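Every chain is numbered from 1, with letters handed out A, B, ... down the list of sequences. Not measured: the values here are computed from a predicted model. When reading the values below, keep in mind they use all heavy atoms of this one structure, side chains included, and skip hydrogens, waters and symmetry mates.
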Amino acid sequence: MQATLEALTEEMARDPAIFVLGEGIGKRGGNFRTTAGLYERYGPLRLCDTPICERGFVGLACGAAMAGARPVVDFMFVDFVLDALGEIFNQIAKVQYMSGGRLRMPVLLRGCIGVGHSAATHHSGSYHPLFAHIPGLRVAVPSNPADAKGLLRHALRGHDPVVFLEHRELLGVKGPVPEGDWEIPFGRAAVVRPGKDVTVVALSLMVRHALAACAALEKEGISVELIDPRTVAPLDVDTVLASVRKTGRLLIVDEAFGPFGLGSEIAAQVAERGLDQLDAPIRRLHGAHAPTPYSPPLEAAVAPTAKTVERAIRDLLED
Amino acid sequence: MQATLEALTEEMARDPAIFVLGEGIGKRGGNFRTTAGLYERYGPLRLCDTPICERGFVGLACGAAMAGARPVVDFMFVDFVLDALGEIFNQIAKVQYMSGGRLRMPVLLRGCIGVGHSAATHHSGSYHPLFAHIPGLRVAVPSNPADAKGLLRHALRGHDPVVFLEHRELLGVKGPVPEGDWEIPFGRAAVVRPGKDVTVVALSLMVRHALAACAALEKEGISVELIDPRTVAPLDVDTVLASVRKTGRLLIVDEAFGPFGLGSEIAAQVAERGLDQLDAPIRRLHGAHAPTPYSPPLEAAVAPTAKTVERAIRDLLED
Amino acid sequence: MNGRDSSRALDLYRRMLLIRRCEEQLARGHQRGLIHGACHTYVGQEAVAAGVCAQLGAEDVVFSTHRGHGHALAKGVPPRELFAELLGRATGCSRGRGGSMHLFAPEVGLMGTSGIVGPCILQAAGAAYTFKLRADGRVAVAFFGDGAVNNGAFHEGLNMASIWKLPVVFVCENNQFATEVPFSYSAGNPDVASRGAAYGLPGVAVDGNDVLAVDVAAEEAVRRAREGGGPTLLECRTYRTRPHSEGMPDFTYRTREEVEEWKARCPLARLRVKLLEGGTPRNWRRSRRKSRGPSRTPRSSPRKVPGPTRPPRPRTSTRSRGSCPRRPSAPLARSRSCRPPSRR
Amino acid sequence: MNGRDSSRALDLYRRMLLIRRCEEQLARGHQRGLIHGACHTYVGQEAVAAGVCAQLGAEDVVFSTHRGHGHALAKGVPPRELFAELLGRATGCSRGRGGSMHLFAPEVGLMGTSGIVGPCILQAAGAAYTFKLRADGRVAVAFFGDGAVNNGAFHEGLNMASIWKLPVVFVCENNQFATEVPFSYSAGNPDVASRGAAYGLPGVAVDGNDVLAVDVAAEEAVRRAREGGGPTLLECRTYRTRPHSEGMPDFTYRTREEVEEWKARCPLARLRVKLLEGGTPRNWRRSRRKSRGPSRTPRSSPRKVPGPTRPPRPRTSTRSRGSCPRRPSAPLARSRSCRPPSRR
Ligand SMILES: Cc1ncc(C[n+]2csc(CCOP(=O)(O)OP(=O)(O)O)c2C)c(N)n1
Ligand SMILES: Cc1ncc(C[n+]2csc(CCOP(=O)(O)OP(=O)(O)O)c2C)c(N)n1
Ligand SMILES: [Mg+2]
Ligand SMILES: [Mg+2]
């Protein structure tokens with residue numbers, strides 16, 4: 001997204017401790033143009049093309065942050081960074097706690113998630129639930145350019161490690177972005193659209209699908225309140241609870257796998273803190289629990305779409 | 001556990017395709033005596049001491065299974081195998097689906113989990129929720145010798161990759177183990193103890209703590225139904241639902257981190273499929289969401305104990 | 001060249017030609033939007049897959065990467081199944097689930113290609129472990145790019161294979177770039193073959209555009225593996241003459257001249273010259289005829305690429321039937337006993 | 001030895017002695033159940049930490065492993081903070097959260113030890129990256145065992161450090177075993193220093209039980225790093241003379257004789273002989289007196305180990321006060337300007 005590039009460009013100008021690590025993020029400007037033009041401005045030390053060694057450069061980023069720099073790791077697809085989970089879970093996530101806060105860990109780990117483009121199973125994962133399970137990590141999964149910019153800037157100014165995941169199918173999306181130097185704090189959901197009949201929580205690309213579903217349902221007089229958590233760690237369930245208090249019905253939509261996923265966590269919190277408010281069972285709509293297939297018709301069948309979201313909302317209203 | 005060693009010994013005699021990979025599992029017999037005596041019997045090819053390269057030998061096990069062997073990876077502590085999650089999530093979990101079932105993946109990945117012994121943060125993780133999130137993996141987390149033996153044998157006879165996790169504090173525990181050639185299929189929870197006032201789901205070491213809590217509460221006439229899922233993928237929620245139908249109250253106890261954890265998944269399924277049965281909010285009791293500290297008093301504070309389980313049950317009964 | 005040598009050379013030529021023709025077809029299919037996702041062709045590197053796989057029997061196995069079409073074809077995956085896979089059909093070798101980067105055909109020993117750089121090295125070592133356990137004389141091969149050399153999988157895989165003397169051959173196709181990053185930038189020591197020393201195993205560098213040289217080096221490596229001598233690291237120095245992936249820009253990180261220079265070293269053309277120098281062997285014509293399916297189609301009409309994609313279903317379109325023979329006419333995966341005695 | 005050399009040698013001796021005494025204390029503490037979890041002592045390897053850290057300034061940083069007490073002490077962590085940490089107290093260098101394997105004292109440049117084999121190599125490269133970015137002349141050091149050499153982190157870390165010429169020194173303490181597995185079994189090429197070649201960086205092997213040799217080799221490596229010459233791989237061949245971890249059996253995988261042989265090569269004893277050969281330097285007595293805290297305690301009584309563990313709280317027990325001086329009397333982390341001019 002152009003928006004995150006703006007945030008990164010501005011923050012790199014402000015803070016000389018920021019540098020970017022990744023494959024092809026130098027002269028090439030990033031596989032997804034995430035660093036386009038920065039190499040020319042900041043040179044090879046601050047835009048450092050890495051060999052193909054995800055574990056290595058993530059571990060290096062950890063040490064660089066311990067020594068006072070602010071590394072941005074641009075790992076292209078989240079699938080690739082699975083090779084570095086040891087460094088992320090055992091080291092990056094723990095250093096601040098283990099050092100009693102004497103060391104900081106301002107590492108930004110960013111890359112793409114999501115099904116699309118027939119990218120097949122090694123280029124289409126969405127693993128935010130894994131990161132959100134681990135204490136010490138913050139996980140942002142924006143759904144639009146303005147949020148992406150505000151959240152990225154916030155990430156680049158905090159002390160904590162942040163996993164920043166953008167859906168590949170959102171990279172080309174345009175949208176209004178406020179001017180100036182502002183951030184979006186983590187852990188605050190956005191009410192994308194107010195409504196009164198049912199609460200839908202959707203993340204990342206699913207927000208767009210849900211918006212389309214809402215528009216279709218609105219014509220029939222069905223009023224959906226749509227909530228975008230924006231960050232899954234910390235996760236703002238208070239906003240969801242407030243909405244459920246109005247609507248009594250809750251659907252969670254996330255492209256990532258369902259088991260031990262976003263829907264599970266939100267549903268569990270609501271079942272603990274808002275059980276009395278519920279007029280119907282909590283529903284979850286997730287991507288199929290299977291590797292993402294290549295063939296376009298198969299691929300289209302594994303991720304939620306505007307249509308399946310719409311159907312899930314209807315089903316929930318009938319419960 | 002002696003019980004799993006028996007199962008492994010018997011299965012290795014039965015199936016020459018089984019071999020074990022790991023650090024110190026040869027002559028030394030395993031850090032936790034998981035392979036004691038096997039080296040003498042089966043030699044270095046079937047009990048293969050590895051260099052310290054978790055990713056490497058897990059990846060090697062993947063290829064060995066594709067070629068028809070049945071590798072057992074003995075990774076000591078689950079914390080170490082985080083370096084191999086790329087191989088597990090991207091390769092081992094996917095090969096069967098991607099090859100249309102023409103390749104099998106009978107890899108057993110086994111090791112220890114759990115807080116205890118002041119082992120500190122790199123030797124005390126419990127990451128079963130991560131594995132259970134990924135399609136294609138089976139995850140067993142037994143709580144007693146008999147289950148451990150039956151589940152291990154089942155794992156060694158199936159076609160699927162299995163992550164088999166034993167709590168370190170359970171390794172020394174003794175218990176009755178049936179004789180003979182029997183297995184425990186995955187995805188069937190055990191009702192450890194029937195009851196009628198409240199349902200408690202507990203995993204691994206937590207089953208023991210919960211049993212102690214039940215015994216204490218029984219004296220006051222509180223009747224707890226205790227369920228041990230035994231495997232978290234597949235996860236048997238039907239048994240939990242049947243119990244909740246009786247009791248109307250549910251507490252889930254797991255030492256692993258709470259967010260996106262076992263409690264979340266069970267609570268979400270019950271909130272979807274058994275909402276009407278609930279007389280009280282669903283409660284979850286998990287390990288603290290923080291790295292495990294070393295100092296004994298700190299360590300004692302981060303994991304659920306018989307006392308805290310008991311208190312949680314009391315609280316739930318007051319809801 | 002004597003008769004045996006030239007018939008062997010023809011076999012190698014046929015394998016290379018099959019790959020080249022298929023890749024050209026697939027590239028066109030990608031341009032026309034029939035093939036989705038990323039499509040990394042093997043054009044320019046054919047000698048490596050052809051030379052190495054010619055040394056393997058049907059029972060030997062191969063693991064490969066995102067750039068795996070050539071290995072699949074050389075190991076004996078029917079072109080029709082490769083095409084069907086990239087077109088997203090149920091008749092594809094991975095049932096349409098994999099596409100270009102996830103080819104599985106264990107029945108001919110193509111154990112899998114992967115979209116992640118590195119794992120194939122470990123998996124080949126693993127298959128070799130199984131073969132050693134069974135003492136069945138089979139050999140595993142990993143094909144991987146220069147980019148994988150800097151990855152921990154290379155280090156861990158080669159070391160394990162070395163200490164356990166596994167029957168595996170590690171074939172590094174050093175085409176000098178990982179996407180757009182030159183190997184000379186990303187490797188502290190860009191001499192891949194010399195890195196065998198770090199693991200106590202033989203490292204051999206060979207001109208990867210000379211299929212006969214690859215053939216000889218692979219023969220030695222495969223024999224060593226089969227005889228219990230352990231693994232070999234075989235660096236094949238080569239070049240891809242098409243972009244990293246179809247549709248990507250190509251002259252930002254390398255010059256048109258460099259590409260042209262390497263095109264002039266085309267492994268097919270070089271062998272053709274040698275063959276012609278040695279006189280036209282008897283079976284030369286026949287061989288061309290046999291592989292005519294894939295070889296003629298692109299010339300006759302680009303529209304011969306099979307029709308628009310549709311949901312995977314049991315049958316491929318009729319139109320594709322003629323252009324892609326179900327199996328290459330010559331058995332691509334020769335059994336060991338077919339090896340020319342002169343080579344033994 | 002001239003005066004300068006011998007005063008330097010004394011400094012090295014003092015560092016080693018401090019480590020040895022502390023480790024002996026800690027081992028006793030473990031036997032008595034005051035120290036929990038695993039406790040990997042550094043006995044036998046003191047020359048490595050002492051020799052390398054003597055070349056570092058306070059501003060330089062060190063990353064280490066499960067066997068990190070020696071590095072912590074040599075880098076200047078007050079023994080009292082180390083003891084408090086292992087006793088599980090809030091006054092410990094990691095506030096009682098870490099214990100033996102997780103020591104953090106960034107204020108003296110001990111950036112962290114880790115219970116996972118490998119990461120310290122990458123992290124040291126990372127700190128070096130920061131130093132390079134800032135061009136501030138600082139140097140990072142990774143200490144790791146032979147076991148880590150076979151791990152992908154070694155491969156990826158050394159390669160990155162080499163191509164970016166990072167100011168880092170990779171110190172492999174080859175004590176010949178990873179737990180009970182001999183390095184000669186687990187490494188295809190057990191000559192660690194020679195592996196530098198695979199990354200295009202200098203590899204140097206040194207007698208790790210000769211602190212003066214380590215000192216000289218480390219000086220060269222640190223100077224190279226500081227002057228922009230990039231990383232060095234320094235293999236220190238040594239031996240641990242206690243079990244892998246306190247309380248573990250020790251003579252199943254190695255013989256008593258071998259251990260005794262290595263004990264005879266004790267780095268402290270060897271330097272003592274040299275010092276005495278060169279005449280007793282003026283400050284020899286003084287130096288012994290200064291480090292008397294930890295050095296005398298174990299002799300006077302094992303019960304001098306600080307009292308039973310209790311919840312972390314702000315103060316350590318009074319009894320430990322005498323035996324562990326808050327800071328070693330000589331500044332362990334010398335600034336560069338203190339280096340004897342004869343060495344420059
Ligand atoms: C672990 C991982 N990181 C990054 C990528 C993205 N990627 C795909 S191909 C490629 C370059 C591979 O270069 P090389 O190994 O030399 O093979 P070549 O493309 O030259 O055949 C990269 C970086 C990946 N697939 N896997
Ligand atoms: C990734 C990982 N795997 C396994 C272990 C278990 N382990 C702890 S110490 C050790 C041996 C380390 O050997 P070496 O690196 O030579 O250091 P030494 O103990 O000899 O100082 C092992 C295998 C670990 N800590 N981390
Ligand atoms: Mg390449
Ligand atoms: Mg060692």
Handout entry: Residue pair B/Phe89 / A/Leu85: nearest heavy atoms and the distance that separates them
Key = CE1-CD1, 4.2 Å
Handout entry: B/Asp83 vs A/Glu87 side-chain heavy atoms within contact, under 4.5 Å
Key = yes
Problem - Segment of A/Arg284 engaging chain B (4.5 angstrom heavy-atom cut-off) - result: both
Practice task
Spell out the residues in residues 273-283 of chain A that have some non-hydrogen atom less than 4.5 Å away from a non-hydrogen atom of chain B, in order of number; otherwise answer 'none'.
Solution key: A/Leu275, A/Leu278, A/Ala280, A/Pro281, A/Ile282, A/Arg283
Practice task
Would you confirm whether A/Glu265, through its side chain, and B/Ser264, through its main-chain N or O, come within 3.5 Å as a donor-acceptor pair?
Solution key: no
Problem - Leading residue by heavy atom contact count with chain B [cutoff under 4.5 Å; candidates A/Gly86, A/Ala290, A/Gly125, A/Ala256] - result: A/Gly86
Handout entry: Engaged part of A/Ile266 at the chain B interface, taking heavy atoms whose separation is under 4.5 Å
Key = neither
Practice task
Name, in order of residue number, those residues of residues 95-102 of chain A that have a heavy atom at a distance of less than 4.5 Å from a heavy atom in chain B; otherwise write 'none'.
Solution key: A/Tyr97, A/Met98
Handout entry: Within 6.0 angstrom of B/Arg314 CZ, more than 12 heavy atoms from elsewhere
Key = yes
Handout entry: Whether B/Asn90 side chain and A/Asp79 backbone form a donor-acceptor pair below 3.5 Å
Key = yes
Practice task
Against chain A, label B/Ile252 side chain, backbone, both or neither, depending on which of its atoms sit under 4.5 Å from a heavy atom there.
Solution key: neither
Handout entry: chain B-proximal positions within residues 234-251 of chain A [heavy-atom distance under 4.5 Å]
Key = none
Problem - Leading residue by heavy atom contact count with chain B [cutoff under 4.5 Å; candidates A/Ala120, A/Ala267, A/Ala271] - result: A/Ala271
Problem - Contact residues of residues 127-139 of chain A (partner chain B; heavy-atom separation under 4.5 angstrom) - result: A/Tyr127, A/Pro129, A/Leu130, A/Ala132, A/His133, A/Ile134, A/Pro135
Completion exercise
Honestly, the part of B/Glu54 sitting under 4.5 Å from a heavy atom of chain A is neither
